[in-house]
Amino acid sequence: MTAFPPFAFSGSEFRVSRRGFIGGAAGLAAALPAAPLWAEASNGAVSGDVIAIGLSGKQVTLTAADIKDLRAGFSGQLLLAQDGGYDQARRVWNGAFDRHPALIARPANSADVARAVSFAGSHGLLTSVKGGGHSISGQSTCDGGMMIDVGLMKDVQIDQTARIAKAQGGVLLAEFDSKTQALGLVTPLGTAADTGIAGLTLGGGQGRLQRSHGLSCDNVRAFEIVTADGKVLQVSAHQNPDLFWALRGGGGNFGVVTHFEYQLHTLDHPVLAGTRLYPYDQARSVLNAFFDLGSKAPDELSMSGGITVMGPGSPVPPGKYAAIEVIYSGKPADGEKLIAPLAKLGKPLLDSVAAKPYVLAQLGPTGAAPPAMPAGLGFYVKSGFLNSIPDALVTEIIHASDNAPEWYKGIGLGSLGGAIARVKPDATAYWNRMSQWDLLMFGVWSDHTQDEHNAQTLRDLWKAFEPFTKGYYVNTEPSESEQRLRATYGDNYPRLAQLKNKYDPGNLFRLNANIRPKGKA
C-alpha cells in the first residue's frame, strides 16, 4: 500500500495516509474551500518588461506586449508578481520549495492550457505544471519561469450506469472520492485528501485499493492532453495509443493532461481500516509480523508498517513507535479473521482498526480541522522498490531510527503486488510491477534555513537502504539520479525516450522525473 505509517489525528479518529506518515490529510471535500483562496485575484496592468528564465537557464525578456497578448485570449487568470493572489498561487504544500515564477497561468479550460503551453514554448520558458499543488518533489513550481496551474479546472462528471468518471486535471482526491463514494463507487487513488489526481495518476498512482484494482493509471480509460506544440489530443487505446501507453506511469514528461476518464468499481459497504501503534522497543517483532502477514495477504488486504515519530498533541507521548496500518476492502468480519495473527504482538497502545465507510478510511473525518501537518513546512523524502525483506534491512530500519535527527519523522513500507503485478511490465510505462514493497523515509522541519542541509542528511541516511532497492516511485522525490530513473523505468526507458523525442523534443516539460530527449542535457 502507498500509505506508510502516516499517523495523523483529528478529533477522536486515529488515522493514516501516505502524507500523514507524511503528515495527514486535509479532510473531505466538504472541509475544503469551495473555491481557491486566490479566486478573487485580479490581473493587473503590465507596467514594463518581465524578466523570466529560459530553458537554457539564461534570462528571457517578455515585453508588456507579449503579456498583454497572452492575457487577451485567456479565459482564466494570468498572474504576475504584483498581482493579487500571486503569492498564494505560487506556493506548494512542501515549504522547502519557496519559489517565484515570473508568471503564473491559471487556465479555465483546455484552450487556455494550449495557449499557455504555446506561449511557454515559443518563448523558451522554464515551465512547471501544478495540479493539486501537493508537490512533494517541488517540481510543480519554479524560480523565474512560467507555472501552469490547472487548479481552477475541477469539473467531475460521473456516469453511474457505465461506472465511468470524467475529471479535469485540477481535481483533488477529496473532491473526487467524495463524489464517487456518494454513489457507492470508487477508483484507486492516493491517500492524502489534498493530493491532485493529475500528478498522482501520471506517476502511476499508488493507493489503498491498489492490490484489488491496480494503480490509478491502470484504471484510466482515456486522457485529454496538451502537448509541447500546443495541440490538444484525445488519448486512449484507440486514439494516439503510444501516448496512452506513456501517460500511464511516465509522469509529466509528455504534456499537460486536462481531462482523465477513470473506470469505477463498486464499493458500497464499510471497509475494515485503521492503525495499530506499538512501543518502539517492539519494532523488530512488529515489523516481522507485518512482513509475514503482508506477504501472504489476499488482494483485498493492503498493509503498511514501520516506525513513526509522534509529536506533541498526539494521543501518546512524543517519541518513536512501531505501527501497522491495514485496510480490507471485503467484508469487515473476514478482514478481522485475516489480521487475527497480529494479536500475538499484544495489546497495541492505540488501535483504530474498525469497520468504517471507505471515504472515512481514505480521507479522514469530515470537518474543518486543519491537516495534521500543515502546508509550508520543510519536507524531504527518499523511497525505493523492494522485492524482498531480508533481516539486514530490518536491522537498518531500526538503526536509522535509533540514530536519526530530531526532525526525522519515520520510515515505513507499503505492500504492493496483487492486481499491480498482474499487469505486464511493458503494458504501461510503469515498469516495477513485480516489486512487492515500497520503502519510504522522510523528515519534516520548520526552519527553512536548514532545507538543503536536512535534505542532504536524509540522502546520507538513505545510502544504507539504496542497495536493497531497485527504482523508486516517481511521485515521491526529485529526480536526482539518472541511474535510479533508468532502474525505475527498466526496459521501458528506451521506448519512453523515443516518445519524448516525438512529443517533446525540446524538453519543455522537464520539471518531473525527466526522461531527456536525445541530445538534450
Quick check against the 3.5 Å criterion: does [X] have a side-chain atom that pairs as donor or acceptor with the backbone of [Y]?
X      : Y      : result
Lys409 : Gly443 : no
Thr127 : Leu125 : yes
Asn253 : Asn512 : no
Asn94  : Ile136 : yes
Asp177 : Gln362 : no
Asn501 : Pro517 : no
Arg211 : Leu301 : yes
Gln181 : Ser178 : no
Thr275 : Glu325 : no
Thr180 : Leu185 : yes

(request) Pick out which of Glu224, Lys166, Gln234 makes a side chain to side chain donor-acceptor pair (under 3.5 Å) with His259. (result)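 With His259 as partner, Glu224, Lys166, Gln234 yield a single side chain to side chain donor-acceptor pair (under 3.5 Å), made by Glu224.
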
(request) First locate atom CG of Asn387, then atom CE of Met434, and finally report the distance between them rounded to the nearest 0.5 Å. (result)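 Those atoms lie 9.5 Å apart.
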
(message) To the closest 0.5 Å, what do you measure between NZ (Lys130) and CD (Gln139)?
(response) 15.0 Å

(request) Could you check Leu416, Thr469, Leu439 and say which one makes a side-chain contact (heavy atoms from CB on, under 4.5 Å) with Phe385? (result) Leu416

(message) For Asp299 and His213: C-alpha separation, side-chain torsions, deciding distance, then whether side chain to side chain donor-acceptor pair (under 3.5 Å) applies.
(response) CA-CA 9 Å; Asp299 293 353; His213 299 302; over 6 Å; no

Are [X] and [Y] ion-paired here, with the side-chain N under 4.0 Å from a carboxylate O?
X      : Y      : result
Glu477 : Arg484 : yes
Glu466 : Lys382 : no
Arg163 : Asp159 : no
Asp504 : Arg510 : no

I'd like to check [X] versus [Y] (side-chain heavy atoms, cut-off strictly below 4.5 Å). Are they in contact?
X      : Y      : result
Phe97  : Ser135 : no
Ile397 : Phe465 : yes
Val150 : Thr258 : no
Leu264 : Val186 : no
Ile148 : Pro107 : yes
Thr201 : Val257 : no
Val394 : Ile389 : yes
His100 : Arg90  : yes

(message) Apply side chain to side chain contact (heavy atoms under 4.5 Å, CB included) to residues Ile197 and Leu173 and explain how you reach the verdict.
(response) CA-CA 6 Å; Ile197 65 169; Leu173 264 63; 4.1 Å; yes

Do you know which two heavy atoms are closest between [X] and [Y], and how far apart they sit?
X      : Y      : value
Ser329 : His269 : O-CE1, 2.9 Å
Ser383 : Thr476 : OG-OG1, 2.7 Å
Arg433 : Pro425 : CG-CA, 3.7 Å
Gly138 : Arg99  : O-NH1, 2.9 Å
Asp229 : Ser118 : O-OG, 4.2 Å
Arg495 : Asp426 : NH1-O, 4.2 Å

(request) Please step through side chain to side chain donor-acceptor pair (under 3.5 Å) for the pair Asn514 and Asn507, ending with a clear verdict. (result) CA-CA 9 Å; Asn514 194 225; Asn507 206 14; 2.8 Å; yes

(request) Output, in order, the C-alpha distance, side-chain angles, deciding distance and verdict of side chain to side chain donor-acceptor pair (under 3.5 Å) for Gln436 and Ser295. (result) CA-CA 8 Å; Gln436 295 300 303; Ser295 64; over 6 Å; no

(request) Let me see the working for Thr195 and Leu189 under side chain to side chain contact (heavy atoms under 4.5 Å, CB included), right down to the final yes or no. (result) CA-CA 9 Å; Thr195 303; Leu189 291 172; over 6 Å; no

(message) Working note: Phe291 + Trp437, criterion ring-ring contact (aromatic ring centres under 6.0 Å, His included); need CA distance, chi angles, decisive distance, verdict.
(response) CA-CA 10 Å; Phe291 297 138; Trp437 308 92; 5.5 Å; yes

Is the distance between the ring centroids of [Y] and [X] under 6.0 Å?
X      : Y      : value
Phe176 : Tyr262 : yes
Trp445 : Tyr408 : no
Phe379 : Trp93  : yes
Phe223 : Phe260 : yes

Any side-chain donor-acceptor pair under 3.5 Å between [X] and [Y]?
X      : Y      : result
Asn475 : His134 : no
Asn432 : Tyr472 : no
Asn454 : Gln456 : no

(request) Would you sort out whether Lys179 and Glu175 count as a salt bridge (Lys or Arg N to Asp or Glu O under 4.0 Å), showing the intermediate values? (result) CA-CA 6 Å; Lys179 289 186 177 181; Glu175 297 161 342; over 6 Å; no

(message) Counting only heavy atoms not in Gln483 (residues, nucleotides, ligands), do more than 12 fall under 6.0 Å from its CD?
(response) no

(request) Verify side chain to side chain contact (heavy atoms under 4.5 Å, CB included) between Tyr430 and Val423, making sure each step is shown before the conclusion. (result) CA-CA 10 Å; Tyr430 188 98; Val423 178; over 6 Å; no

(request) Check the pair Thr141 / Arg91 against side chain to side chain donor-acceptor pair (under 3.5 Å), numbers first and verdict last. (result) CA-CA 8 Å; Thr141 184; Arg91 296 184 185 276; over 6 Å; no

(request) With Arg248 as the cation and Phe244 as the aromatic partner, state whether NZ or CZ is under 6.0 Å from the six-membered ring centre and within 45° of the axis. (result) yes

(request) Quick one: do Leu247 and Val235 satisfy side chain to side chain contact (heavy atoms under 4.5 Å, CB included)? Show the steps, please. (result) CA-CA 9 Å; Leu247 293 177; Val235 178; 4.2 Å; yes

(request) Start with the C-alpha gap between Arg106 and Asp112, add the side-chain angles, then the distance that decides, and say whether salt bridge (Lys or Arg N to Asp or Glu O under 4.0 Å) holds. (result) CA-CA 8 Å; Arg106 306 198 71 227; Asp112 277 356; over 6 Å; no

